[in-house]
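Working notes, beginning with the structure itself.
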2 protein chains.
Amino acid sequence: MSKKEKIIKVASKYFSEVGYDKASLDDVAKEVGVSKAAIYYHFKDKFALYEAVLCSRFGELAKIIDKIDESKPIEALREYIESFGKFLVDKPCFSAIFARELADGAMNMPQSCSKQMSLNLQKLSKILQNGEAENIFAKENAFMVQMMIVTPLINYRTTKKLREVVMANLRDVKNIDVDLEDIIPNLASKIIKALKC
Amino acid sequence: MSKKEKIIKVASKYFSEVGYDKASLDDVAKEVGVSKAAIYYHFKDKFALYEAVLCSRFGELAKIIDKIDESKPIEALREYIESFGKFLVDKPCFSAIFARELADGAMNMPQSCSKQMSLNLQKLSKILQNGEAENIFAKENAFMVQMMIVTPLINYRTTKKLREVVMANLRDVKNIDVDLEDIIPNLASKIIKALKC
DNA sequence: CCTTACTTACTTACTCGTCAGTAAGTTTAT
DNA sequence: ATAAACTTACTGACGAGTAAGTAAGTAAGG
């Protein structure tokens with residue numbers, strides 16, 4: 001792995017763990033084993049490094065989503081949700097970064113990333129429209145459905161500690177802290193049920 | 001309104017708009033019309049001010065949720081979702097702060113707040129259990145249902161600009177940017193449908 | 001095949017701005 | 001008079017970004 005790739009990898013860990021502002025490039029440099037100026041050799045500034053992290057992830061995701069066959073609406077919707085879920089499981093840093101980005105109003109999301117998010121939404125929109133044409137789904141606001149899928153999943157990862165605190169507070173509420181992997185098919189089934197005519 | 005209350009109000013605006021780290025107490029002080037040291041007269045440090053903001057909001061929310069009559073599961077669930085939604089509409093600063101807190105893993109959420117969040121979850125859990133006992137709902141993970149309710153709603157507010165960007169990218173995907181008020185009953189119906197046996 | 005010119009990929013050592021937090025003094029209300 | 005509610009003016013630390021230097025490699029010319 002090149003130094004540049006290593007910088008991206010370590011930076012994505014820091015951005016994920018502590019957020020953009022608290023992530024210190026001094027720390028990133030120290031962990032990579034280079035000087036801070038080496039980061040500035042490869043990236044124009046802190047934000048360019050963040051862009052590199054974000055774009056690589058959103059690019060991978062968009063590729064996966066793009067492959068989904070949208071002809072059978074229910075199967076396609078399940079695959080859409082499960083693909084997204086699997087991506088979060090595979091890329092543990094992505095959940096927190098994405099969640100922060102949404103919470104932040106996607107204020108500093110590079111154009112290329114928002115374009116790829118748009119493509120994902122377009123895919124979902126087509127799936128829903130096909131379902132509507134076949135009288136399987138009712139007419140829906142695609143963005144809202146997107147939010148129903150994306151936000152519970154990305155925030156599930158980020159709230160692990162919160163679940164522990166809540167479980168400590170409430171002894172009678174059980175079985176709260178389930179693995180993300182088990183949550184995904186459950187959410188998929190619920191959303192499909194909610195959308196079916 | 002006392003200076004202290006005014007500080008909390010302005011601070012909550014800044015925390016909401018730019019997040020904890022970027023919110024500068026110099027800016028808060030300037031907008032309130034006091035010196036920064038006046039903030040330190042009323043609050044031990046920046047985090048204590050943040051706690052005050054957070055606790056006042058979570059306290060109000062918990063009071064509202066606590067009043068819900070949980071005997072009729074479906075009506076109670078609808079009221080739970082709509083009360084939460086209404087709270088977000090009434091307190092526009094809360095969405096972003098809550099969203100950031102969840103994205104952050106609720107790392108710096110004061111105990112008193114996580115306790116009140118636990119109480120909300122307990123209410124939801126009771127509603128679900130009553131529904132289960134009456135064979136209206138299946139057995140559910142209350143935390144996951146909580147996430148399905150809370151995360152789309154809080155992130156809906158924060159993603160207004162993202163929706164505009166997406167709509168500019170995709171001309172054929174229409175009617176995405178609906179008011180939060182209209183989203184709430186829609187989400188409530190969908191979640192109830194998803195949970196019904 | 002070896003020297004010169006140039007590039008790549010860094011390092012060291014700094015600057016500069018911002019911002020949380022404070023010490024000490026001042027005004028205001030009771 | 002004295003306590004509460006401030007203000008002024010500062011410190012100290014941290015972190016983004018940079019200027020200047022350098023070792024190692026590559027290409028070109030003689």
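These numbers were taken from a predicted model, which means no experiment stands behind them. What's counted below: heavy atoms across the whole structure, side chains too, no hydrogens, waters or symmetry copies. Numbered from 1 within each chain, the chains take letters A, B, ... in sequence-line order.
Within 6.0 Å of NZ on A:Lys86 lie no more than 12 heavy atoms contributed by other residues, nucleotides or ligands. The environment of A:Lys6 atom NZ is sparse: at most 12 non-hydrogen atoms of other residues, nucleotides or ligands sit within 6.0 angstrom.
For the pair B:Lys30 NZ and C:dC19 C1', the computed distance is 12 Å after rounding to whole Å. B:Ile39 has its CD1 atom 21 Å from the P atom of D:dA4, to the nearest Å. If you take CD1 of A:Ile7 and C1' of C:dA9, they are 10 Å apart, rounded to a whole angstrom.
Classification of the B:Tyr50-B:Tyr20 ring pair by plane angle, with boundaries at 30° and 60°, yields perpendicular.
Side-chain contact check for A:Lys115 versus A:Phe58: every heavy-atom pair is 4.5 Å or farther apart.
Contact check, B:Lys3 against D:dA5: no side-chain N or O comes under 4.0 Å of OP1 or OP2. The side chain of A:Tyr41 places no N or O atom within less than 4.0 Å of a non-bridging phosphate oxygen (OP1 or OP2) of C:dC10. B:His42 has no side-chain polar atom (N or O) that falls below the 4.0 Å cut-off from OP1 or OP2 of D:dA4.
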Across nucleotides 13-19 of chain D, 5' to 3', mark each nucleotide with B, S or - according to how protein heavy atoms within less than 4.0 Å reach it. --SBBBB

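Checked by atom type and distance alone, the side chain of B:Lys91 never pairs as donor or acceptor with a backbone atom of B:Arg57 at under 3.5 Å.
A salt bridge links A:Lys190 with B:Glu140: the distance from a Lys NZ or Arg NE/NH1/NH2 to an Asp or Glu carboxylate oxygen falls below 4.0 Å.
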